[in-house]
Each structure stands twice: as structure tokens, then as C-alpha cells.
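One structure is given here, and the rest of the page talks about it.
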Amino acid sequence: MESKKILHNVFQNIEVGIGEVSKVVGVSQRQLRYWEEKGYIKPVSDDNSGVRRYNLSTLYLIVFIKEQLDKGFTLAAAFERSKDIRVKSKIVRTFFEHTFNDVKITNPDKGYGEIDLGELRTDDGKMYHFKGVVDERGRYVKIDE
DNA sequence: GTTCTAACA
DNA sequence: TGTTAGAA
């Protein structure tokens with residue numbers, strides 16, 4: 001199987017217990033159970049042990065909600081905002097999963113490189129290449145003819 | 001030792 | 001939400 005898909009599966013199947021999540025994220029176990037009761041988060045639906053496990057997606061959601069709470073939003077407001085983030089994340093992920101294959105390393109030591117972001121053909125037949133660049137100047141997009 | 005539910009502060 | 005009790 002393609003390595004990217006394997007890693008995708010691995011990350012998708014990572015599960016963390018409520019104790020770990022609570023400790024690392026800084027949210028109490030009581031809160032996590034309460035958020036679940038409110039329907040905001042859902043433990044991975046598996047066996048009948050009754051022990052809660054959370055996958056990566058839920059983990060991201062938990063972290064996001066926590067951040068919003070810290071900023072002063074109510075729990076309800078935090079969850080409402082997370083809906084936006086989830087859609088945006090999916091869009092970004094879809095876009096970059098596609099372009100991740102076309103990465104050219106320009107400087108291995110410094111971690112510089114170029115990402116092929118696709119082509120653009122204008123009405124008059126000219127062809128351009130969009131490239132995402134990471135180099136000593138930072139992070140930017142350029143257009144090559 | 002960890003997690004669960006339920007109940008009360 | 002925090003905490004605590006009692007069970008798994």
C-alpha cells in the first residue's frame with residue numbers, strides 16, 4: 001500500500017484515553033464527559049467497555065474548544081465556531097494532500113523547497129506554473145512561465 | 001492505578 | 001464545573 005495511505009490510516013486510528021487528553025490539553029475529565037453529554041464531542045464508538053477513547057479529529061476539536069474557552073467564549077459559542085474550522089480544515093487538507101506529492105527539495109540542509117501548486121493556461125495560450133516556495137526569504141507563492 | 005456514574009457543593 | 005463516593 002502507498003505509504004501516504006498507510007500513515008493516513010495510522011493517524012486516523014490513533015486513540016487517546018480521557019486521562020491523557022485531560023492532562024495534555026488541560027481540560028478536566030468532568031468537562032470532557034459534560035461536553036459529550038451536550039453532544040459536542042463523541043468518543044470513538046467501539047466496544048462495550050464503557051471506557052472513553054478519542055480519535056485525532058476529536059482531539060483537534062477538544063483543543064480548539066479549549067482555546068476558545070480560554071479566549072472567553074462560552075462552551076456553546078466555542079462549539080459553534082468549531083463548525084467553521086472543521087469545514088475549513090477539510091478544504092485545506094484536501095488541497096494539500098493533492099499537492100504534497102509534487103514537492104521539490106532545493107536545499108536539504110536548510111529545509112528549502114518548492115511545491116508545485118498547479119498550472120494556469122491563459123486565453124492567449126500562455127502557460128504558467130504556480131509554485132509555493134520555502135527558502136531564505138520565507139514562505140511565498142510565485143508564478144513561473 | 002484509572003475510569004465510570006451519580007450526586008451534591 | 002469541581003469534587004467526592006463507591007464500584008468495575
Side-chain angles (χ1 to χ4, degrees), chain A residues 1-122 127-144:
Chain A
M1 190 188 289
E2 188 185 345
S3 62
K4 196 172 79 175
K5 290 181 180 176
I6 295 176
L7 286 176
H8 183 79
N9 286 336
V10 170
F11 287 130
Q12 195 59 51
N13 286 311
I14 287 179
E15 295 174 6
V16 188
I18 193 171
E20 196 100 0
V21 174
S22 175
K23 192 192 315 174
V24 175
V25 182
V27 175
S28 69
Q29 298 189 15
R30 175 77 168 85
Q31 282 178 299
L32 292 170
R33 298 189 181 105
Y34 180 67
W35 296 359
E36 174 184 340
E37 181 186 321
K38 286 297 217 174
Y40 296 147
I41 62 176
K42 188 174 76 67
V44 58
S45 55
D46 59 323
D47 50 61
N48 34 37
S49 66
V51 176
R52 276 165 260 251
R53 302 230 144 113
Y54 303 98
N55 61 26
L56 260 194
S57 299
T58 305
L59 207 43
Y60 283 129
L61 177 56
I62 291 170
V63 170
F64 179 79
I65 292 177
K66 202 276 189 285
E67 286 175 343
Q68 298 305 302
L69 290 178
D70 288 345
K71 288 179 180 174
F73 291 97
T74 64
L75 177 59
F79 181 69
E80 204 56 37
R81 296 186 128 224
S82 77
K83 292 179 180 175
D84 239 47
I85 296 298
R86 284 213 291 286
V87 177
K88 287 180 180 177
S89 299
K90 185 177 181 183
I91 294 170
V92 172
R93 212 184 313 126
T94 301
F95 184 79
F96 281 106
E97 269 178 7
H98 173 264
T99 57
F100 262 167
N101 285 326
D102 310 307
V103 181
K104 184 169 69 180
I105 298 173
T106 55
N107 188 322
D109 297 328
K110 296 189 175 182
Y112 296 157
E114 291 183 355
I115 304 175
D116 188 345
L117 298 177
E119 302 171 338
L120 169 68
R121 190 191 301 276
T122 57
M127 183 78 89
Y128 298 92
H129 279 80
F130 285 89
K131 290 182 178 174
V133 183
V134 175
D135 62 16
E136 64 280 351
R137 283 185 288 175
R139 189 212 74 112
Y140 57 94
V141 176
K142 72 174 181 179
I143 302 175
D144 286 348

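Naming convention: chains lettered A, B, ... in sequence-line order (proteins, then strands); numbering from 1 in each chain. Just the heavy atoms: all of them, side chains too, but no hydrogens, waters or symmetry mates, feed the values below.
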Closest non-hydrogen contact found for A/Ala78 with A/Gln68 is CB-CB, 3.5 Å
Walk along DNA chain B from 5' to 3' and tell me the first and last nucleotide with an atom closer than 4.0 Å to a non-hydrogen atom of chain A.
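Footprint of chain A along DNA chain B, 5' to 3': B/dT3 to B/dA7.
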Any donor-acceptor pair under 3.5 Å from A/Gln31 side chain to A/Ser28 backbone
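Between the backbone of A/Ser28 and the side chain of A/Gln31 there is a qualifying donor-acceptor contact (under 3.5 Å).
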Salt bridge (charged side-chain N to carboxylate O under 4.0 Å, His left out): pairs with one or both residues in residues 75-93 of chain A, sequence neighbours excluded:
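Listed once each, the pairs are A/Glu80-A/Lys83, A/Asp84-A/Lys88.
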Just verifying a value: how many Å separate A/Asn13 CG and A/Glu15 CD, rounded to the nearest 0.5 Å?
7.0 Å
Got more than 12 heavy atoms from elsewhere within 6.0 Å of CD, A/Glu136?
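Yes, enclosed.
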Quick one: is C/dT1 close enough that its OP1 or OP2 comes under 4.0 Å of any side-chain N or O from A/Ser28?
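For C/dT1, OP1/OP2 do not have a side-chain N/O of A/Ser28 under 4.0 Å.
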Check each residue of residues 58-67 of chain A for a non-hydrogen atom within less than 4.0 Å of any atom in DNA chain C, then write out the ones that pass by number, or none.
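Of all residues in residues 58-67 of chain A, none places a heavy atom under 4.0 Å from DNA chain C.
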Could you list, one pair per line, each protein nitrogen or oxygen that sits under 3.5 Å from a nitrogen or oxygen of nucleotides 3-8 of chain C, together with the distance?
{"from": "C/dT3", "atom 1": "O4", "to": "A/Arg30", "atom 2": "NE", "distance (Å)": "3.2"}

Can you find a pair of side-chain heavy atoms, one from [X] and one from [Y], that are under 4.5 Å apart?
{"X": "A/Leu61", "Y": "A/Tyr54", "answer": "no"}
{"X": "A/Thr106", "Y": "A/Asp135", "answer": "no"}
{"X": "A/Val21", "Y": "A/Leu59", "answer": "yes"}

NA contact type, A/Leu32, heavy-atom cut-off 4.0 Å: base, sugar-phosphate, or nothing?
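Here A/Leu32 touches no strand at all.
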Name all residues meeting the salt bridge (charged side-chain N to carboxylate O under 4.0 Å, His left out) criterion together with A/Lys42; count only those two or more places apart in sequence or in a different chain, and write none if there are none.
none
Could you list the residues that satisfy ring pair (Phe, Tyr, Trp, His ring centres under 6.0 Å) with A/Phe79, not counting sequence neighbours?
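Applying ring pair (Phe, Tyr, Trp, His ring centres under 6.0 Å) to A/Phe79 gives A/Tyr40.
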